[in-house]
Amino acid sequence: MSASVIRALFSVASRPEVVSLAGGMPFVQALPLDSVADTVHRLIRERGASALQYGSGQGDPQLREQILEVVRPVGISCHPDDIVVTCGSQMALDLVTKVFCDPGDVVLVEAPSYVGALGVFASYQCEVRHLAMDEAGLLPHALQGALDTLAAEGRRAKMLYTIPSFQNPSGVTQTPERRRELLQIAQAAGLLVLEDDPYGLLGFTGEPPTALRAQDAESVIYLGSFSKTIAAGLRVGWVIAPHGVRERLVLAAESAVLCPSNFTQLTVSEYLATQPWQEQIKAFVELYRERRDALIQALQATMPVGTSWTVPQGGFYSWVTLPDGLDATAMLPRAIAGRVAYVPGTGFFADGQGSQQLRLSYCYPEPDRITEGVRRLAGVVEEELALQATFGTSLPTDPGLPATAVPGPEIS
Ligand SMILES: Cc1ncc(COP(=O)(O)O)c(C=O)c1O
């Protein structure tokens, strides 16, 4: 495990004068906080003795029943026993990797992929191989090619890790055809699929995309989370897994945390039972759609020719490709000096790709701050292009920036 070098920069980026398009923090201020307070108050008054007690390693039975309702819109129907509650889906990623992967095992992931998952795979010494994507998601021929290459090496992949809907960091969503093709390849190869779906209910148009797990209950392990639809601070997520896997996950969970917090599980359960949670998700979706629009309009209006970006149909992120020759990591200190922050693309790869790319998050800042942040970023890119024209290359990182790693804002 290693601390991210960009943490040091984010200690500067969290200053109020900097517009941070870096963090993937949900806008929890939009929750009806008085109602949440009433929910917690009622919970402690009426069920305090169980909320403050140890619970089951698999998670609260009533909450597992309620999760069935939450996954119905993505097409999943399962039994409450199929569900294991975790402390956020980050813990689920850790548990699944712990259970399945030995050092040196190959995990296939999208290019780019979620930084927190790459951290988990690295900590279990997995070998990560990235698979190319286009605007319809992970490319089936990239998956097939990787499986063929491994077979030629006399090896097999342990699993495919994918975020099919509103991916972090690219914002891309797999089309239904793509999902079918990918599942066919995985099934033919006997490949385990780890589907991470924290953003599935945060689509801006139409029905939520149908989960891979809805089409294959045997080879897909599904990860869900309340972090983006209720509150990240509650740390409640879940795994839906086939029977044999589930038993092992519960054992691994018990050895890590005994049981997930009963207090936060019952808070979620009470919230789902008494609050209009579907309406609240719609309110979040409206808010994020407005911010996505502000981001895309500002990119269109200000970014120099040669810059491109994805237009997400849900979730929190757009993936930007800089003009040829520019390096997003080298540019970051100058961007922060220009009072705007982003996450450089290399963080989303295990193999050093991504230097020309960066991730912009629109979930947290208000729309006018997003517009201002993009205007500043465009200015920095213009200057970078001017430097490149003068010196023939992107300048290196400024050595005068803070060297100590200070925990910065959430950069998931
Ligand atoms: C793709 C993905 N998976 C997992 C997580 C972790 O979520 P949780 O808060 O449920 O641990 C995140 C958080 O940003 C994410 O983007």
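In listed order, ligands and their atoms are each counted from 1. Just so it is clear, the structure is predicted and the values come from calculations on it, not from any experiment.
Look at R129 and E153 and you find a salt bridge, because one of the NZ, NE, NH1 or NH2 atoms lies within 4.0 Å of a carboxylate O, short of that distance. One finds a salt bridge joining E372 and R376 here, because a Lys/Arg side-chain nitrogen approaches an Asp/Glu carboxylate oxygen to under 4.0 Å.
Taking the six-membered ring where the residue is Trp, Y364 and F27 present perpendicular rings, their angle passing 60° and hence far from 30°.
Residue contact check for ligand 1: P198 places a non-hydrogen atom closer than 4.0 Å to it. Residue-ligand proximity: F316 is placed with every non-hydrogen atom at 4.0 Å or more from ligand 1. Residue-ligand proximity: M91 is placed with every non-hydrogen atom at 4.0 Å or more from ligand 1. Heavy atoms of K228 approach ligand 1 to within less than 4.0 angstrom.
Only the side chain of R235 comes within 4.0 Å of ligand 1, judged by heavy-atom distances.
Side-chain atoms of Y114 and Q90 form a donor-acceptor pair, as typed in the model, at a separation below 3.5 Å.
For ligand 1 and S225, the ligand atoms under 4.0 Å from any heavy atom of the residue are 8 (P), 10 (O). Near I163, meaning under 4.0 Å from one of its heavy atoms, ligand 1 places the atoms 1 (C).
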Apply the test side chain to side chain contact (heavy atoms under 4.5 Å, CB included) to residues F284 and L31: give CA-CA distance (whole Å), side-chain angles for both, the deciding distance (0.1 Å), then the verdict. CA-CA 8 Å; F284 275 131; L31 280 170; 3.9 Å; yes
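Scored by the ring-ring contact (aromatic ring centres under 6.0 Å, His included) test, F349 finds H130 as partners (sequence neighbours excluded).
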Please table the atom pairs, donor to acceptor, closer than 3.5 Å between any side-chain atom in residues 56-63 and protein atoms at least two apart or in another chain.
{"unit_1": "S56", "atom_1": "OG", "unit_2": "Q58", "atom_2": "N", "d": "3.0"}
{"unit_1": "S56", "atom_1": "OG", "unit_2": "G59", "atom_2": "N", "d": "3.2"}
{"unit_1": "S56", "atom_1": "OG", "unit_2": "G59", "atom_2": "O", "d": "3.4"}
{"unit_1": "Q58", "atom_1": "NE2", "unit_2": "D81", "atom_2": "O", "d": "2.9"}
{"unit_1": "Q58", "atom_1": "NE2", "unit_2": "I83", "atom_2": "O", "d": "2.8"}
{"unit_1": "D60", "atom_1": "OD2", "unit_2": "Q62", "atom_2": "N", "d": "3.3"}
{"unit_1": "D60", "atom_1": "OD2", "unit_2": "L63", "atom_2": "N", "d": "3.0"}

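For the pair S227 and ligand 1, the shortest N or O to N or O distance falls below 3.5 Å.
When V236, N168, D197, D196 are ranked by how near their heavy atoms come to atom 2 (C) of ligand 1, first place goes to D196. For atom 16 (O) of ligand 1, the nearest non-hydrogen atom from the set F166, Y114, Y199 belongs to Y199.
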